[in-house]
Structure formats: C-alpha cells, structure tokens
Amino acid sequence: MKPKVLTIAGSDSSGGAGIQGDLKTIHSFGAYGLCAVTAVTAQNSKGVSGVWPIDGEAIYSQIMNLFEDIKIDAVKIGMLGNLCVLKGVVRALEEIKSSPEGLPPVVLDPVLVSSSGYNLLEPEGIEFFIKKLIPLSTVITPNLPEAQLLSGELMDYSDSVKKGIESIFNLGCANVILKGGHREGKLAEDLLYDGDTFKSFSEERILSKEVHGTGCIFSSAVAANLAIGRSLEESVSAAKKHITEVIYHSEQISREPENRVCYGVFPF
Ligand code: ADP
C-alpha cells in the first residue's frame, strides 16, 4: 500500500505552491496525497490578488472525514488563513491525537509572513498557533522572517541564528528546521535542531532563478519521506536534494517574457 500524506493548506490557483505544489511533491516521492483546503486564493505568477479562508467547521470536517476512513502516515500543515481555520485544525488534530491510533508525524510550515512582509495571522492567532499548534507538531520549518517572528531574535549572525532556533524549540516543538532561502551566503544552508545538536544541510545557492513555492515543496517533501518511513534526518536530506533539483529545472510559466518568477515542473 502506498504511504498516505495529508496536506492541510491553501489552494494556489497558479499551481506551484500550497495544496497543488504539495500534492505534486508527495506524488513525486511515490506517496499518495490527500488534502484539506484552508483557503482559496486567486493568484498568478505576478502575485496574490485575493484570499478567501473557509470556515472552521469546514476544515475540521475535511480532516476528520479523512482520518475516520484512511490510515494517514504523515501530515503537512501550511497556510491557515485566519484564527477560525487554525482553531478547526487544532480541534481535529487534538481529537486524533487522543484516539487509539494517535497522530502521525506532523510537519508544520509556519506560513505566518507573506513574501511582501505582511503578517498573515492576527496577533491573537499567532499566540494560539504557538500555544496549541506548535506542541502538536513533530517538526516546524520556518524561513528566516518566520523564525524571527516566532523567536523574537534578529538572527543576523551565526550565534543569534542558533539562539533563535533554540527559542523556537523551547516553544514546544520536537524539532526545528530553519530554511535557508532568505539567509545570505554562497550556500543555501538549512539547519535542523533536535534539542541536542545542530545538523547542517547545504546545497549551492541558485541565484539565476526566483522560484515560487519553494517552502511548500520542501516541507511536503519532508512529510512524504517521513510517511515512507525514513528518519527525520534522512527526510530533510532527501527534501533538500529535491528542492535544489526543482529550483534548477524550474520554468517561467507566464506569457510575459520579462516575468522572471519560475515554477517547479514535475516530472523534471
Ligand atoms: P520559503 O519559501 O518558506 O520562504 P525558503 O525559500 O527559505 O522557504 O526555503 C525553502 C527551501 O529552498 C530550503 O531548503 C532552502 O534552502 C531552499 N532554497 C531557497 N532558495 C534557494 C536558492 N536560491 N538556491 C538553492 N536553494 C534554495
């Protein structure tokens, strides 16, 4: 039987990130992808023009219906949209956790800051996210701005990067991966912290391309590998190799040649 991965995320009408990017990624690792949609977005390669979160009951019901029927081997959580949706997700996951089968590994991508720098959850939502959702997850995968928001650290030099990661770990997540896309340097370095040691995963930084959805693809690749039965370290290593290949082979999809935003194209 194929391993099953549930993605709880927003729909990206342009197909590169969110639910669509996650399902393609999960499929490319040979697993079966299921989804619970948190929000519908209207977007293209030029930007997001609208976000419509669904109601809390609808997200709760999607998740519970899947778990009632299907053995799910890993969960990935991406954009939530608002506090109501977040509460629906937490309610569902807490019920599943206290069921006899329990909760499979949960990869939490804290989509809290938009690419243009706006906070995507109201302050009350961020508080609830930290208190209730982080403790339910196996690993959290912030990028630099999200890590700064969660840790309150500037994370601008190597000691403060480690201090920031430790503060996020202390919020109650079993493992933290700081993604390296927004950091500087010749290498795109991701750091995994398990409360004991830091492990570094580095690949060459590709500067010639600006790629949509890298964070979603990376975290769903981690979830797919955990579902297959790999260790967290093996899963991060496989996800890192995968995202580097995706960026390398990505293509521009707009009909406007001057638009430089590229998309992952599967299979490559
Ligand atoms: P997000 O999309 O959430 O901001 P990031 O872009 O920081 O996430 O990181 C997603 C993954 O893509 C990480 O593994 C990161 O190291 C990798 N990555 C991002 N940009 C590049 C790049 N230019 N070259 C190589 N790897 C990259």
Side-chain angles (χ1 to χ4, degrees), residues 7 9-10 12 14-22 24-25 28-29 41 43 45 47-48 76-80 107-121 129 137 139-151 155-156 161 164-165 168 175-193 198-226 232-252 260-266 268:
T7 169
D12 170 6
S14 71
I19 291 283
Q20 292 81 352
D22 292 346
K24 291 173 198 177
T25 305
S28 73
F29 280 99
T41 70
Q43 61 181 298
S45 64
V48 179
K76 178 245 151 120
I77 304 174
M79 187 186 86
L80 293 158
V107 179
L108 176 59
D109 191 16
V111 185
L112 298 172
V113 185
S114 77
S115 43
S116 39
Y118 288 105
N119 287 356
L120 294 171
L121 269 181
F129 182 96
S137 53
V139 57
I140 185 166
T141 64
N143 63 20
L144 188 64
E146 290 153 354
Q148 288 168 329
L149 178 78
L150 289 170
S151 68
M155 301 175 76
D156 53 349
V161 165
I165 294 174
I168 297 170
N175 299 276
V176 180
I177 303 167
L178 175 68
K179 295 175 297 192
H182 300 252
R183 296 175 64 200
E184 282 172 6
K186 262 186 88 170
L187 295 175
E189 183 194 32
D190 299 350
L191 279 171
L192 168 64
Y193 181 61
F198 287 90
K199 291 191 186 87
S200 165
F201 301 82
S202 289
E203 295 284 343
E204 185 201 344
R205 186 179 296 280
I206 302 160
L207 294 170
S208 53
K209 288 180 169 178
E210 187 188 322
V211 183
H212 179 80
T214 50
C216 300
I217 296 169
F218 175 80
S219 56
S220 52
V222 173
N225 279 277
L226 290 173
L232 180 59
E233 207 176 317
E234 288 166 344
S235 298
V236 176
S237 176
K240 181 69 181 154
K241 288 199 174 74
H242 181 75
I243 190 62
T244 309
E245 284 285 296
V246 169
I247 295 172
Y248 185 75
H249 293 282
S250 62
E251 291 177 10
Q252 197 264 32
R260 289 189 59 246
V261 178
C262 293
Y263 279 66
V265 282
F266 297 91
F268 38 78

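In each ligand, atom 1 is the first atom listed, and ligand 1 is the first ligand listed. Values in this document were obtained by computation on a predicted structure and should not be read as measured data.
Tested against K179, the residues D109, T214, D190 include a single side chain to side chain donor-acceptor pair (under 3.5 Å) partner, D109.
Of the protein's heavy atoms, G181 N, 2.9 Å lies nearest to atom 7 (O) of ligand 1. At the shortest separation from atom 21 (C) of ligand 1 among protein heavy atoms lies I247 CD1, 3.6 Å. Atom 3 (O) of ligand 1 has K179 NZ, 2.8 Å as its closest protein atom, hydrogens excluded (heavy atom only). Ranking protein heavy atoms by distance to atom 2 (O) of ligand 1, first place goes to G215 N, 2.9 Å. Looking only at heavy atoms of the protein, atom 4 (O) of ligand 1 is closest to H182 NE2, 2.6 Å. Distance from atom 23 (N) of ligand 1 to its nearest protein heavy atom, with residue and atom name: I206 O, 2.8 Å. Looking only at protein heavy atoms, the nearest one to atom 13 (C) of ligand 1 is D190 OD2, 3.4 Å. In terms of protein heavy-atom proximity, atom 6 (O) of ligand 1 is nearest to T214 OG1, 2.9 Å.
Ligand 1 has no N or O atom lying under 3.5 Å from any N or O atom of D109, backbone or side chain. Below 3.5 Å of separation, one finds no N or O of E189 facing any N or O of ligand 1.
Between E203 and K240 no salt bridge is recorded (no basic side-chain N to carboxylate O distance below 4.0 Å).
Side chains of N225 and H242: no donor on one and acceptor on the other come within 3.5 Å. Between the side chains of S220 and K76, no donor N or O sits under 3.5 Å from an acceptor N or O.
Here the closest non-hydrogen pair linking S250 and V211 is OG-CG2, 3.5 Å.
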Subject >> Test log, rule side-chain contact (heavy atoms from CB on, under 4.5 Å), inputs F129 and L108 >> reply: CA-CA 11 Å; F129 182 96; L108 176 59; 3.7 Å; yes
**OP:** Take Q148 and H182 through the test side-chain contact (heavy atoms from CB on, under 4.5 Å) and record every step on the way to the result.
**Re:** CA-CA 12 Å; Q148 288 168 329; H182 300 252; over 6 Å; no
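Between the CD atom in E251 and the OH atom in Y263 there is a gap of 13.0 Å [rounded to 0.5 Å].
Side-chain contact between P110 and T141 is present, with at least one heavy-atom pair separated by less than 4.5 Å.
Of the heavy atoms in E204, only backbone atoms (N, CA, C, O) come closer than 4.0 Å to ligand 1. Using a 4.0 Å cut-off between heavy atoms, V211 makes no contact with ligand 1 at all.
Residue-ligand proximity: R205 is placed with a non-hydrogen atom under 4.0 Å from ligand 1.
Those atoms of ligand 1 with a heavy atom of K240 less than 4.0 angstrom away are 14 (O), 15 (C), 16 (O).
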